[in-house]
Structures are given as structure tokens and as C-alpha cells.
Amino acid sequence: MSVSFEKHGDIAVALVDRPPVNAIDSVVRAGLLSATSRAASDPAVNALVIACRGRTFMSGADLSELGSIIPPPSYADVLHALESCAKPVITAMHGTILGGGLEVAMACHYRCATRTARFGMPEITLGILPGAGGTQRLPRLIGVENALDMLLSGAPVDGARALELGLIDEFVPDDVVDGGIAFARRLLEKNARPRLTRSKPAPSALTDSMIATGLARHARGLKGRTTQNLVIEALRAARQLSFDEGLALESQLSAESLESTESRALRHVFFAERDCGRAPVANGAPVRGVDVNRAAVVGAGTMGSGIAMALADAGIHVALIERDRPALDRGLNIIRDNYASAVQRGRIDEAAARDRQALIEGSLALEAARDTDLVIEAVFEDLELKRSVLGKIDSTTRPETIVASNTSSLSLTSLASATKNPDRVVGLHFFSPANVMRLLEVVRGEHTSDATVATAQALARKLRKVGVLVGDGFGFVGNRMMLDGYFREVELMLLQGVTPERIDSVMENFGFAMGPNRVNDMAGIDVGTRVRAELTRRESRPSPYHVVSDALTALGHVGQKSGRGIYRYQSGERAALPNPELPLLTRALAEKHGVAPRDVSDQEIEHRCVLSLINVGAQILDEGLANRAADIDVVWTAGYGFPRWRGGPMFYADTSGLAGVLRRIEELASTGGGNYWHVAPLLRRLASGGGTFAAWDRSRGS
Ligand code: T1G
Ligand code: NAD
């Protein structure tokens with residue numbers, strides 16, 4: 001029973017039970033409607049409390065229902081019934097009260113919640129304008145400026161802030177149903193009557209300076225977006241129109257937003273992130289992994305120290321193992337400083353920083369890894385060194401301990417062959433900084449077992465990262481597409497005389513958080529050179545292949561950390577300044593590699609960068625190194641700054657039309673693009689058959 005109805009004396013309770021997050025679908029709406037009419041018509045009932053079972057009050061509309069005709073009863077019918085009920089209707093809330101869930105609460109007359117509850121209107125993160133009265137009731141409850149802030153950020157506020165704003169009336173103890181009933185009883189004792197949000201005075205006018213402040217405050221998240229314009233239009237209507245006219249306009253604008261490519265892209269990424277982390281299935285059932293509670297990290301450098309923090313942030317005990325004291329102290333100091341700056345920036349409080357640091361124990365002995373559930377190796381990117389370290393880990397730890405490598409370019413299968421149990425060896429490819437970046441490529445080697453993959457996927461969820469299962473090919477998914485596609489085109493354009501500033505501004509206008517040349521300088525140009533050195537030991541690539549970056553590494557100009565790379569940097573500064581030596585270097589290399597200078601339009605820059613990503617992505621799918629096109633979209637939106645509102649490279653290809661994508665790639669291949677534009681067979685097949693990557697994913701049952 002999704003919505004049960006019980007009576008506690010003269011107080012009725014409608015209890016929603018729709019796991020996992022009580023998302024509102026037609027069943028829940030029908031249940032709320034019937035509970036409201038029962039309470040309204042039952043003379044023995046004086047008030048109705050709405051609460052939820054499980055981990056949270058309603059966390060919004062069921063997203064899988066959106067985008068098609070929403071089955072009856074409508075939100076408007078349900079909310080009208082709640083608001084116009086002649087008896088007080090109270091919501092008693094816990095967990096994350098989001099979107100449609102908060103809209104239900106605002107249509108009710110009184111609201112109480114546990115202290116740990118969080119409240120938000122995240123619709124903008126999905127490219128949707130709230131469609132159940134949120135833009136009309138929220139400003140009446142908390143004021144137009146606060147409403148603008150909540151609707152533009154999409155981020156939740158905590159209980160204390162919700163009370164301060166007037167979004168809730170009271171806190172109740174953690175047993176939210178009893179708390180709700182007690183609150184209702186107190187209201188009845190005070191003869192409280194239904195208090196309609198719609199009857200509150202219209203909010204004050206939304207001024208231009210409020211809008212400017214709001215847009216500036218959320219500029220980073222709203223870059224390239226349009227949903228904010230609908231939010232502003234709806235909030236203006238809340239002042240200028242009657243409540244019902246405002247509702248009607250909101251519903252029309254919300255329906256429009258649902259049709260937008262922007263929203264379809266954001267909802268695609270929402271579900272793709274949740275689907276990519278599923279455990280392998282065997283005999284029709286998901287394979288169970290091990291819940292990691294004790295781990296060890298070998299190597300406390302840039303990555304090892306970040307990985308140790310990511311584990312400790314999730315409450316996992318970590319033995320951080322180094323080869324000598326100075327290196328260990330360096331790693332522990334990096335961790336101490338990172339936590340100190342997190343406290344300074346108010347990300348966590350002193351106590352949390354202390355508790356997490358206490359979970360990380362430094363050691364110089366591999367012995368410290370003996371009784372762990374998982375060991376992650378993050379030593380130098382050297383095949384023989386890693387094989388010897390993995391061999392020692394294998395002989396030191398228990399047979400059920402999972403052994404992982406953070407390699408970014410070496411063959412996982414060949415690393416695993418240094419152990420006696422290659423089935424328990426997996427790649428965990430974190431991205432720098434490992435305690436911040438959400439992406440985790442889970443690399444499956446030839447012998448990696450389903451159970452090991454399941455443990456890795458469960459760990460990714462525990463670390464609140466998106467774990468994407470990838471195959472054991474060079475550069476896995478992300479780095480392969482970057483090196484064989486995107487950055488390769490950037491390098492060729494630099495040789496053809498295009499300035500890094502132009503390339504970066506075109507790609508930042510396209511929606512990337514940062515242009516490719518600035519990313520290269522920030523990540524360290526030498527990291528790419530080391531990865532390519534490993535590549536050329538295994539495979540060949542037609543020249544020129546990243547010759548500008550490798551020349552800069554040879555000069556020691558490795559980017560921000562050396563004050564010079566593609567750009568120049570004042571010491572300690574991150575602002576990218578023109579590097580007068582670069583044009584001299586690129587011209588010399590262009591001559592050496594026979595690359596003629598040419599005019600390249602902004603559109604061509606964008607096409608060469610994005611289409612090379614799509615083409616290599618399709619090659620990766622052809623080679624089976626990724627299971628779904630949607631997984632590639634998750635890798636690039638979560639790990640490489642591809643704009644979420646474009647859905648990722650493969651979704652973007654679908655919305656652009658594969659026939660056009662194919663035609664443009666063939667044009668680029670014939671007009672002096674590099675001698676490596678080989679159209680991926682999958683792309684050609686889908687384009688010539690009117691297919692899409694999304695349909696291809698579906699055809700494979702994923
Ligand atoms: N609809 C359908 N399924 C949902 C869902 C939703 N709104 N939210 C979560 N799920 C599924 C999710 O796919 C996963 O499934 C499981 O629940 C657990 O989620 C009318 C139009 C609530 C904070 O945007 O932010 O209301 O993978 O892994 O990390 O104006 O989910 O287990 O099969 O994310 O603990 C507004 C979206 C909708 C909230 C929990 N609401 N959800 O986080 O678990 S638009 C949202 C979240 C709207 C109105 C408009 C988070 C969470 P599975 P999870 P979590
Ligand atoms: P780093 O040079 O910063 O750190 C490597 C650490 O390993 C050093 O502190 C060194 O003392 C330690 N070490 C070496 N031999 C050891 C041994 N036998 N026992 C214990 N510790 C030992 O390197 P990094 O950038 O952290 O890279 C580590 C791994 O992560 C590499 O495989 C790299 O390819 C991969 N990776 C790096 C990045 C990145 O952006 N830096 C991103 C993803 C993956």
C-alpha cells in the first residue's frame with residue numbers, strides 16, 4: 001500500500017511508503033487525494049498529518065514519469081484538495097524534502113520536521129521549472145529574494161535555515177509520525193484553522209538588482225543555461241498575476257522546460273550516473289561485493305594522499321604506506337593542509353576534520369595492509385615497480401582482500417599477472433584531486449571477477465563518486481578520448497597557428513568549465529607525457545602526436561606547477577598569461593612535422609574538438625571498452641568538465657543528429673584534419689541506419 005490511512009484519535013495520518021525515496025508518481029498522488037477526501041469527510045477527524053516511511057519524505061516528482069503525459073490525478077488536483085481541505089493538513093517531514101515533495105508541503109497548512117531534514121528545489125539542476133506551485137507558493141512563504149536564491153541554486157537548506165526562513169513551523173523528534181501527531185494536537189488545542197499559503201499576500205516585486213545578484217551568485221552553475229529565465233518569469237508572475245493565473249503560467253512554462261534539450265540532457269545524466277554504478281548480474285541476481293571498512297593506500301603522493309582522504313571522508317580506516325619517512329611525512333602534511341583549508345572554507349568543521357584525519361594512519365611497512373578489505377596502489381607510473389608492489393601486496397594480504405591499482409595508462413591485466421589471484425585485482429582510476437573529483441573509472445582486467453567489480457562499484461557509491469565500469473584498453477575511456485581525440489585536435493590546431501586563447505575561449509563558450517590548454521597546464525603537462533611514453537611502448541600513433549606538450553615537458557615547462565607551460569603564470573597565481581615563447585615552438589614543430597599554417601574558424605575549432613570526442617567514443621564502444629554510450633557521457637560530464645546540460649558527448653551527438661555528425665567528420669577528414677579521422681564503424685552504422693547511441697544502448701538492454 002503506497003499511501004496508508006490510519007486514525008490516531010481525531011487525527012488522521014496518511015503515510016506514504018514508495019521506496020527508495022518516496023518519489024511522487026500517480027500512485028502516490030492518488031493515495032494522497034483519497035486520504036485527503038477521507039479525512040475531510042470523516043466527522044471524527046479534526047486534522048490530517050502527511051508523513052513518509054523509509055529514509056526520506058517525498059524527494060520530488062518521479063522523474064521517470066516526466067517528459068510524457070503525466071497520468072492522473074494531476075498535481076494541481078492533489079494540491080488543490082490539500083490546500084482547500086476544511087481541516088488543518090500538516091506535513092511531518094524527514095530526510096531530503098525536494099521539488100514536488102516540498103511543493104506538496106507548501107500546499108499544506110502547517111509544516112514540521114526533524115532537525116536533520118533538508119529542503120530544496122533542485123529542479124534547475126534538471127533543467128525543469130517547478131510545476132506544482134513551487135514558484136508561486138515559495139515566495140509567499142519565504143520572500144521573493146530567498147525564493148530566487150533557492151530556485152537558482154537548486155541546493156538544499158538545512159532545518160535551522162528552513163525554520164528561520166519560515167518554510168517550517170516547528171522541529172519534531174526523529175520519530176516523525178509521533179512528532180507530527182503531537183504537533184497537530186497542539187494546533188488543535190490552539191483552535192488552529194487551515195492556513196492557506198495561496199492566501200498570503202503576493203510577494204514583493206522581483207527587482208533587477210535582486211535578479212543581477214542572484215544570477216551573479218550562481219553564475220558558475222548557470223553558465224550556458226536557460227532555465228533561470230523561466231524561474232525569473234514565474235517569480236515576476238507571482239507578484240503581477242493572481243495566484244491562479246500565476247499557477248497556470250508556471251504550469252505552461254514547466255511543460256515547456258520539460259521539452260527542452262537542456263532538460264532532457266540533464267535528466268539523461270541524472271539517470272546515467274545512477275545506472276552506471278550497478279553491480280554485475282549473474283544468474284539474474286546482482287553479484288554481492290564486500291563492504292570496505294578497512295583499507296590501505298600504497299604511495300602517498302598527489303594521488304595517494306587524495307585517495308586516503310576520500311576513503312577517510314567516507315568513514316573508512318586507512319593505512320597510508322610509503323617507502324620512506326620523508327615521503328610519508330610529505331603525504332601526511334598534504335592531508336593535514338587540505339583538511340585545514342576545508343575547515344577554513346567552511347566545508348567541514350574542526351571536529352569532522354580531526355575525526356577524518358584520525359582514520360588515516362601512516363606506515364612504512366606493507367604489513368599494515370594485512371587485515372584490510374582493500375589495498376589501492378598509487379606509486380609511480382612504472383610497470384615493473386607496480387608489478388613488484390602488487391606482488392608484495394598479494395602475498396601480504398588475506399585472499400579475500402581486493403587489490404586495486406590507480407594506474408592511468410598501464411595494462412591492468414599485465415599488472416594483475418604479477419599476483420597469484422588476478423581475479424581480485426581491479427583498476428580504480430581516481431582523478432586529481434582524488435578527494436574532490438566525482439569520477440572513478442573501475443577498470444576490469446581479463447581475470448577480474450564479478451565480485452571484485454561489485455566491491456569496487458559499492459565502494460564508489462560509499463565514496464559518493466560515480467563508478468563507471470571500463471575495459472582494460474590504453475587510457476581506459478576518459479584519457480583515451482582526451483589523448484586520441486580532443487587534445488590531439490588541440491595540438492594540431494596549435495601547430496596550424498591557432499592560439500591557445502582562441503581554442504580555450506571557444507570550448508569555454510561551448511560550455512566546458514575550463515578550456516583544454518588551461519586544463520593541460522593545471523593537470524601537469526608532464527603527466528600526459530608520461531602516459532604517452534607508456535603508450536608508445538604498447539601501441540603506435542601516427543605523427544604528429546602531442547609533440548607540443550612533449551616538447552614543453554622536455555623544456556621543463558610543465559604548466560602551473562612550473563610557472564610556464566602553454567601559458568605563463570605569475571608565481572602562486574592561477575591566471576593564465578600569454579607565453580611569448582609558445583608560437584616560436586609551435587612554428588618550429590610545425591615545420592619539422594610538415595604541418596602548414598591555416599585559418600581555422602571558431603566553428604571548426606568547436607567541431608574538431610567535440611566530433612573527435614564523439615568519434616573516439618564510438619570506437620571505444622566498438623571495442624567493448626565501455627558498456628554504454630551513457631557511461632561515456634558520465635565519464636566526460638563527471639570527470640572532464642563536459643557541460644552536463646549538453647548531456648555528454650554521445651548524447652550531444654544524438655541531439656545534433658548522427659547523419660550530420662558523420663558528414664562533418666568526413667569533411668574534416670578530407671580537408672586537412674589529421675590523418676587519423678577514421679570514422680568509427682558503429683557511428684557509420686547508426687548514422688546510415690537513422691539510429692542513435694541511446695537506441696543502441698537500449699538495444700543492449702542497458
Ligand atoms: N524520481 C525517480 N527516481 C528517483 C528520484 C526521482 N525524483 N530521486 C531518486 N530516485 C531514485 C534513483 O534513481 C535511485 O534509484 C534511488 O532513487 C536512490 O537515489 C513537480 C517536476 C533524493 C537526494 O531532483 O537528488 O519534483 O539507482 O542513488 O544518493 O516541480 O536521489 O536505486 O534504482 O540518488 O541517497 C525533484 C532527485 C524532481 C531529487 C537521494 N527532485 N534525487 O540521494 O540516492 S523534479 C529531485 C536526488 C520535481 C516538481 C518537479 C537524490 C536524493 P536506483 P540516489 P541518494
Ligand atoms: P607521485 O609521484 O605524486 O606519488 C607517487 C608516490 O609513490 C611517491 O610519494 C613515492 O614515494 C611513492 N612510492 C614509490 N615507490 C613506492 C613503494 N615501493 N612503496 C610505497 N610508496 C612508493 O605520483 P602520483 O601523481 O600520485 O601518481 C601515482 C599513480 O597515480 C600513478 O600510477 C599515476 O599514473 C596515477 N594517476 C595520476 C594522476 C595525476 O593526475 N597525477 C591521475 C590519475 C592517476
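As the structure lists them, so they are numbered: ligands from 1, and atoms in each ligand from 1. The residues of the chain are indexed from 1 along the displayed sequence.
Taking any N or O of Lys386, backbone or side chain, at least one lies under 3.5 Å from an N or O belonging to ligand 2. Checked by distance only, ligand 1 and Ser64 stay at 3.5 Å or farther apart across all their nitrogen or oxygen atoms. An N or O contact shorter than 3.5 Å is missing between Phe271 and ligand 1 by distance. An N or O contact shorter than 3.5 Å links Ala61 to ligand 1 by distance. Between Arg330 and ligand 2, a contact under 3.5 Å exists for no N or O pair.
Of the protein's non-hydrogen atoms, the one nearest atom 42 (C) of ligand 2 is Met303 SD, 3.6 Å. Counting protein heavy atoms only, atom 49 (C) of ligand 1 is closest to Glu103 OE1, 3.0 Å. For atom 32 (O) of ligand 2, the nearest protein heavy atom (residue, atom name, distance) is Glu381 OE1, 2.4 Å. For atom 25 (O) of ligand 1, the nearest protein heavy atom (residue, atom name, distance) is Leu98 CD1, 4.0 Å. Looking only at heavy atoms of the protein, atom 47 (C) of ligand 1 is closest to Phe270 CE1, 4.2 Å. In terms of protein heavy-atom proximity, atom 54 (P) of ligand 1 is closest to Arg274 NE, 3.7 Å. Among protein heavy atoms, the minimum distance from atom 2 (C) of ligand 1 is reached at Asp62 OD1, 3.3 Å. Looking at atom 12 (C) of ligand 2, its nearest protein heavy atom turns out to be Glu322 OE2, 3.2 Å. Ranking the protein heavy atoms by distance from atom 5 (C) of ligand 1 puts Val21 CG2, 3.9 Å first. Protein heavy atom at the shortest distance from atom 30 (O) of ligand 2 is Asn406 ND2, 2.8 Å. Among all protein heavy atoms, the one lying closest to atom 29 (C) of ligand 2 is Val379 O, 3.4 Å. Atom 33 (O) of ligand 1 has Arg278 NH2, 3.3 Å as its closest protein atom, hydrogens excluded (heavy atom only).
Under a 4.0 Å criterion applied to the non-hydrogen atoms of Ala23, ligand 1 contributes the atoms 1 (N), 6 (C). Residue contact check: Pro130 has heavy atoms under 4.0 Å from atoms 30 (O) of ligand 1. The distance from ligand 1 to the heavy atoms of Gly131 drops below 4.0 Å at these ligand atoms: 30 (O). Remark: ligand 1 atoms within the under-4.0 Å shell around heavy atoms of Arg464 are 29 (O). Near Gly301, with a cut-off below 4.0 Å to any heavy atom, the atoms of ligand 2 are 3 (O), 4 (O), 6 (C), 9 (O), 26 (O). Within ligand 2, the atoms closer than 4.0 Å to a non-hydrogen atom of Ser432 are 40 (O), numbered from 1 in the order shown. The Gly100 neighbourhood of ligand 1 comprises atoms 26 (O), 48 (C), 49 (C), with distances under 4.0 Å to a heavy atom of that residue. Interface atoms of ligand 2 facing Val389, defined by a heavy-atom separation under 4.0 Å, are 18 (N). Within ligand 2, the atoms closer than 4.0 Å to a non-hydrogen atom of Ser408 are 33 (C), 34 (O), 35 (C), 36 (N), 44 (C), numbered from 1 in the order shown. Close contacts between ligand 2 and Val298 involve ligand atoms 19 (N), 20 (C) [criterion: under 4.0 Å to a heavy atom]. Close approach to His429 involves these atoms of ligand 2, each under 4.0 Å from a residue heavy atom: 43 (C), 44 (C). Taking every heavy atom of Leu126 and a limit of under 4.0 angstrom, the matching atoms of ligand 1 come to 24 (O). Taking every non-hydrogen atom of Pro20 and a distance limit under 4.0 Å, the qualifying atoms of ligand 1 come out as 16 (C), 17 (O).
Of the candidates Gly154, Ser59, Gly134, Gly99, Ser59 brings a heavy atom nearest to atom 39 (C) of ligand 1. The residue from Arg118, Glu123, Met121, Arg55 that puts a heavy atom closest to atom 55 (P) of ligand 1 is Arg55. Between Ile70, Leu258, Asp275, Leu63, it is Leu63 that holds the heavy atom closest to atom 1 (N) of ligand 1.
When heavy-atom distances to ligand 2 are checked against a 4.0 Å cut-off, Phe430 comes that close only through its backbone atoms N, CA, C and O. Of all the heavy atoms of Asp324, none lies under 4.0 Å from any atom of ligand 2, so neither backbone nor side chain is involved. If you look at Leu410 next to ligand 2, there are no close heavy atoms at all, none under 4.0 Å. Contacts between Leu66 and ligand 1, counted as non-hydrogen atom pairs separated by less than 4.0 Å, involve the side chain only. Of all the heavy atoms of Ala327, the ones lying under 4.0 Å from any atom of ligand 2 belong exclusively to the side chain.
With Phe270 as the aromatic partner, Arg274 meets the cation-pi criteria of under 6.0 angstrom to the ring centre and within 45 degrees of the ring axis.
The closest side-chain donor-acceptor pair between Ser59 and Thr96 falls under 3.5 angstrom.
Contact between Glu377 and ligand 2 is absent, with no heavy atom of the residue lying under 4.0 Å from the ligand. Not a single heavy atom of Arg461 sits closer than 4.0 Å to an atom of ligand 1. Taking 4.0 Å as the cut-off, Ala523 does not count as a neighbour of ligand 2 on heavy-atom distance. Every heavy atom of Arg530 sits 4.0 Å or more from the atoms of ligand 2. Phe380 counts as a contact of ligand 2, since one of its heavy atoms falls under 4.0 Å from the ligand.
Just one residue in the list Asp633, Thr637, Thr261 forms a side-chain hydrogen bond (donor to acceptor under 3.5 Å, both in side chains) with His268, and that residue is Asp633.
When atom types are taken as modelled, the side chain of Asn22 and the backbone of Cys52 share no donor-acceptor pair closer than 3.5 angstrom. Side-chain atoms of Thr407 come within 3.5 Å of backbone N or O of Ser409 as a donor-acceptor pair. Arg55 places no side-chain N or O within donor-acceptor distance of the main-chain N or O of Gly95, the cut-off being under 3.5 Å. Formation of a donor-acceptor pair under 3.5 Å by the Ser254 side chain with backbone atoms of Glu250 is not found in this model.
A salt bridge is defined here as a Lys NZ or Arg NE, NH1 or NH2 lying under 4.0 Å from an Asp or Glu carboxylate O, and Arg137 with Glu83 meets this definition. Between Arg29 and Glu65 there is a salt bridge, with a side-chain nitrogen of the basic residue lying less than 4.0 Å from a carboxylate oxygen of the acidic one. Remark: Lys462 engages Asp291 in a salt bridge, criterion side-chain N to carboxylate O under 4.0 Å. Under the 4.0 Å criterion applied to side-chain N and carboxylate O atoms, Arg18 and Asp62 are not assigned as salt-bridge partners. Using a 4.0 Å cut-off between a side-chain N of Lys or Arg and a carboxylate O of Asp or Glu, Glu381 and Lys386 qualify as a salt bridge.
Proximity of atom 43 (O) of ligand 1 to the protein is not indicated, since no non-hydrogen protein atom lies closer than 4.0 angstrom. Within the 4.0 Å cut-off (strictly below), no protein heavy atom is located near atom 23 (O) of ligand 2.
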Trace of the side chain to side chain donor-acceptor pair (under 3.5 Å) decision for Asn479 with Ser408: CA-CA 8 Å; Asn479 283 353; Ser408 41; 5.0 Å; no

Chi angles and distances behind the side chain to side chain donor-acceptor pair (under 3.5 Å) call for Arg330, Asn333: CA-CA 5 Å; Arg330 210 175 26 248; Asn333 292 344; over 6 Å; no

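Counting heavy atoms of neighbouring residues, nucleotides and ligands inside a 6.0 Å radius, atom CZ of Arg288 does not exceed 12 of them.
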